[in-house]
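Report on the structure given below.
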Amino acid sequence: MPVHWEPQDIADLLQTCIEGETDHKAWDYFECCEIIEPKLENIRLRAINALYGPDWPKYMKSIETDDYLTQEGKELFAELVAEC
């Protein structure tokens, strides 16, 4: 069942990823739950695809560290934050 997220909550979560301080519990929820609002669902899917899609090496260094986004990943997430 799709869930409700506030745009600012998504922006804040994505910003923590950029800063290397990911809230993993919130990320897991974000990753697993479809969002009711189509615009925000599109942002969610783009973020997930960047990290787990076929181009993931372009966006992610290693999931083993908190600072796992590459520079391109940080730029993409910053764009997604702006879209929130």
Side-chain angles (χ1 to χ4, degrees):
M1 173 180 288
V3 297
H4 174 77
W5 275 71
E6 292 294 330
Q8 189 60 52
D9 293 336
I10 293 173
D12 291 346
L13 176 61
L14 296 174
Q15 188 63 43
T16 67
C17 297
I18 294 168
E19 295 168 358
E21 299 176 359
T22 305
D23 177 343
H24 295 286
K25 189 174 182 178
W27 178 262
D28 288 346
Y29 184 71
F30 175 73
E31 188 178 273
C32 294
C33 297
E34 181 182 350
I35 299 173
I36 293 170
E37 208 312 300
K39 176 184 169 186
L40 298 177
E41 174 63 7
N42 182 275
I43 290 169
R44 183 185 81 86
L45 292 174
R46 288 168 52 206
I48 291 169
N49 189 56
L51 300 185
Y52 305 112
D55 293 331
W56 72 265
K58 185 167 129 178
Y59 300 108
M60 187 168 61
K61 295 183 263 187
S62 169
I63 198 69
E64 300 301 318
T65 66
D66 284 335
D67 184 27
Y68 55 84
L69 292 177
T70 64
Q71 186 58 39
E72 285 184 79
K74 289 177 182 182
E75 290 169 6
L76 172 64
F77 274 45
E79 290 174 19
L80 297 176
V81 166
E83 291 179 28
C84 288

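- L40 CG to H4 NE2: the interatomic distance, rounded to the nearest 0.5 Å, is 8.5 Å.
- Put simply, CG on D9 and OH on Y29 are 11.0 Å apart, with the number rounded to the nearest 0.5 Å.
- Side-chain contact between Q15 and I18: present, with at least one pair of heavy atoms (C-beta onward) separated by less than 4.5 Å.
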| Passes side-chain contact (heavy atoms from CB on, under 4.5 Å), L51 versus W27? Steps please. | CA-CA 12 Å; L51 300 185; W27 178 262; 3.6 Å; yes
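- Heavy atoms only, all atoms of each residue included: R44 and E31 are closest at NH1-O, 2.7 Å.
- Under a hydrophobic-cluster definition in which Ile, Leu, Val, Met, Phe, Trp and Tyr are linked whenever side-chain heavy atoms come within less than 4.5 Å, directly or via other members, I48 and I10 are assigned to the same cluster.
- The hydrophobic cluster containing V3 does not contain I36, counting ILVMFWY residues as joined when their side-chain heavy atoms lie under 4.5 angstrom apart, directly or transitively.
- A tilted orientation is assigned to the rings of H24 and Y68, their planes being inclined by 30° to 60°.
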| request: Dump the intermediate steps for side-chain contact (heavy atoms from CB on, under 4.5 Å) on I43 and I35, then the final yes or no. | output: CA-CA 10 Å; I43 290 169; I35 299 173; over 6 Å; no
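- Here the closest non-hydrogen pair linking V81 and A11 is CG2-O, 3.7 Å.
- Counting all heavy atoms, side chain and backbone alike, L14 lies closest to A47 at CD2-CB, 4.2 Å.
- Contact of the E37 side chain with the W5 side chain is not registered, since no non-hydrogen atoms from C-beta on lie closer than 4.5 Å.
- Under the rule for a salt bridge (Lys or Arg N to Asp or Glu O under 4.0 Å), E79 has no partner lying at least two apart in sequence or in another chain.
- Ring centroid separation for the pair W56 and Y59 does not come in under the 6.0 Å cut-off.
- Closest heavy-atom contact between R46 and E83: NH1-OE1, 2.7 Å.
- Residues Y52 and L45 fall into different hydrophobic clusters, defined by Ile, Leu, Val, Met, Phe, Trp and Tyr side chains chained together at heavy-atom separations under 4.5 Å.
- Heavy-atom minimum distance, P7 versus C84: CB-O, 3.2 Å.
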